[in-house]
Amino acid sequence: MVSNLLQKYIWLANVIYQSNGITFEQINDKWLENDLSEGLELPKRTFHKWRIAVEELFGIIIDCDRKNGYRFFIHDKESLCSDSLTGWLFRTLSIGHKLERYKSIKDRILLENVFTDNNWLLTILEALHHNTKLSITYKSFNNNKETTFEADPYCLKMFLQRWYLVARSIHFGTPRIYALDRIVNLRQTNTSFEYPKDFSPEQFFANSYGIIVDDTMITEPIELKVHNSHAGYLCSLPLHQSQEKVKQTNEYSIFRLLLSPTFDFEQKILSMGEYVEVISPIWLRERLVNRINKMAIIYK
């Protein structure tokens, strides 16, 4: 469970985040309304200690607008809504802080499991931090043979409750993607490597739906016809950052995306069944028709 002091840091960040600028007096009023206060006021010295701790722990900078009545606010507030590490960490801890109040009904709150081998994850993070090579023993789901190799770790990505490592081994000229749940053994070496200045994790996955990056596929416009009973789901959780709604009728909406329609994207479209139809490109539509026909044969 979240420690008492950490809960206080998260509480402070949340209070300031949810405001459009808040004075210390207003913060103190909210503090007294919270069970964490135990009825005691928040000393200014303690407030500033917490403010500094929030920045050091989460990278969240709490600024003061002295020209507007000494109101405190979150610097770069938009970053907390993004997919950045700071945003993800803040949202995750905020939810954890809120759930902490409801331990008495924990059996009525069901969460998703995220595969995480803490040993693998910590080793990779250390290697990323120090730019040192990893010795990896890997076994994919479609190959019973284990392979061991050294690789330069570039970045980590979470997708659909699984962690993935992007790394470049000496056997391949370009980075490859390795699922942490398929790593058999992992060791950080003493050999350093130079992280390429022209590599950007965000750009590496920019044209992908999920975790598959296929350089042989072109990036092209994809148009989806979505039944209005399902369109809200795509609006609230876009399939890709390029997604935009270009048309809406009483029965359906048309969404346009710009990406490489890799296998995981096809799987996602098929998972939405009859509510989503690929309009273009034609080749993708025909490929999905072929998959659907094969599925129909299985169920006959």
Side-chain angles (χ1 to χ4, degrees), residues 14 17-18 77-96 98-99 102 108-116 157-164 177 179 181 201-202 204-214 217 219-296 298-299:
N14 264 311
Y17 174 77
Q18 292 168 8
K77 188 175 180 178
E78 293 75 16
S79 67
L80 299 186
C81 301
S82 69
D83 293 331
S84 66
L85 178 60
T86 299
W88 180 86
L89 185 61
F90 175 70
R91 291 192 299 273
T92 301
L93 289 174
S94 294
I95 293 171
K98 292 168 185 173
L99 290 177
Y102 301 101
R108 296 164 62 186
I109 303 172
L110 306 179
L111 304 173
E112 286 188 313
N113 180 47
V114 176
F115 173 86
T116 306
K157 179 180 173 70
M158 181 188 283
F159 181 66
L160 298 180
Q161 292 82 56
R162 295 176 188 269
W163 282 100
Y164 295 85
I177 301 161
D181 57 335
E202 185 175 348
F204 184 74
F205 288 104
N207 299 323
S208 298
Y209 157 69
I211 201 64
I212 298 177
V213 176
D214 188 345
M217 298 190 74
T219 299
E220 56 185 312
I222 313 292
E223 288 201 343
L224 306 175
K225 180 180 178 181
V226 183
H227 192 278
N228 278 340
S229 64
H230 210 80
Y233 292 100
L234 266 67
C235 289
S236 63
L237 190 62
L239 296 174
H240 190 256
Q241 63 265 23
S242 66
Q243 177 181 301
E244 60 176 334
K245 185 192 290 187
V246 295
K247 182 178 179 180
Q248 182 169 355
T249 71
N250 292 331
E251 296 181 355
Y252 63 86
S253 299
I254 302 294
F255 290 88
R256 181 177 296 144
L257 306 90
L258 184 65
L259 51 70
S260 301
T262 49
F263 176 73
D264 51 0
F265 179 72
E266 292 182 22
Q267 295 294 93
K268 178 60 179 179
I269 297 302
L270 290 173
S271 73
M272 292 186 281
E274 69 272 24
Y275 299 105
V276 178
E277 174 188 355
V278 172
I279 299 176
S280 65
I282 296 299
W283 72 264
L284 177 60
R285 180 183 176 91
E286 292 175 346
R287 176 180 287 187
L288 292 180
V289 168
N290 184 47
R291 291 190 185 278
I292 293 168
N293 288 335
K294 289 181 178 178
M295 290 169 61
I298 293 174
Y299 284 95

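Nothing here was measured: the structure is a model prediction, and the numbers come from that model.
Closest approach of Tyr209 to Phe159, counting heavy atoms only: CE2-CZ, 3.6 Å. When all heavy atoms of Gln243 and Cys235 are compared, the pair lying nearest together is NE2-N, 4.3 Å. Heavy atoms only, all atoms of each residue included: Pro221 and Leu258 are closest at N-CD1, 3.6 Å.
With a 4.5 Å cut-off on side-chain heavy atoms, Phe205 and Ile177 count as touching. Put simply, the side chain of Asn250 does not reach to within 4.5 Å of the side chain of Asn228, judged on heavy atoms. Using a 4.5 Å heavy-atom threshold, the side chains of Met272 and Leu239 count as touching. For the pair Val213/Ser208, a side-chain contact is recorded, criterion being any heavy-atom separation below 4.5 Å from C-beta on.
In this structure, Asn207 CG and Asp214 CG are separated by 11.5 Å, a value rounded to the nearest 0.5 Å. Here Met217 contributes atom CE and Thr262 contributes atom OG1; the two are 6.5 Å apart, rounded to the nearest 0.5 Å. The CG atom of Leu224 sits 7.5 Å away from the CD1 atom of Ile279 when rounded to the nearest 0.5 Å. Distance check, rounded to the nearest 0.5 Å: CD of Glu223 to CZ of Arg256 gives 4.5 Å.
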Would you give me the side-chain donor-acceptor pairs under 3.5 Å for residues 281-292, sequence neighbours excluded?
unit_1, atom_1, unit_2, atom_2, d
Trp283, NE1, Glu220, OE2, 3.0
Arg285, NH1, Glu277, OE2, 2.8
Arg285, NH1, Val278, O, 2.7
Arg285, NH2, Glu277, OE2, 3.1
Arg287, NH1, Glu266, OE2, 2.8
Arg291, NE, Glu266, OE1, 2.6
Arg291, NH2, Glu266, OE1, 3.1

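Judged by distance alone, the side chain of Thr249 and the main-chain N or O of Glu251 form a donor-acceptor pair under 3.5 Å. Asp264 contributes a side-chain N or O that, together with a main-chain N or O of Ile211, makes up a donor-acceptor pair within less than 3.5 Å.
With a 6.0 Å radius and a threshold of 12 heavy atoms from other residues, nucleotides or ligands, Tyr275 has its OH atom at or below the threshold. The environment of NZ in Lys268 is sparse: at most 12 heavy-atom neighbours from other residues, nucleotides or ligands sit within 6.0 Å.
Each ring pair (Phe, Tyr, Trp, His ring centres under 6.0 Å) pair with one or both residues in residues 231-263, not counting sequence neighbours, appears once here: His230-Tyr233.
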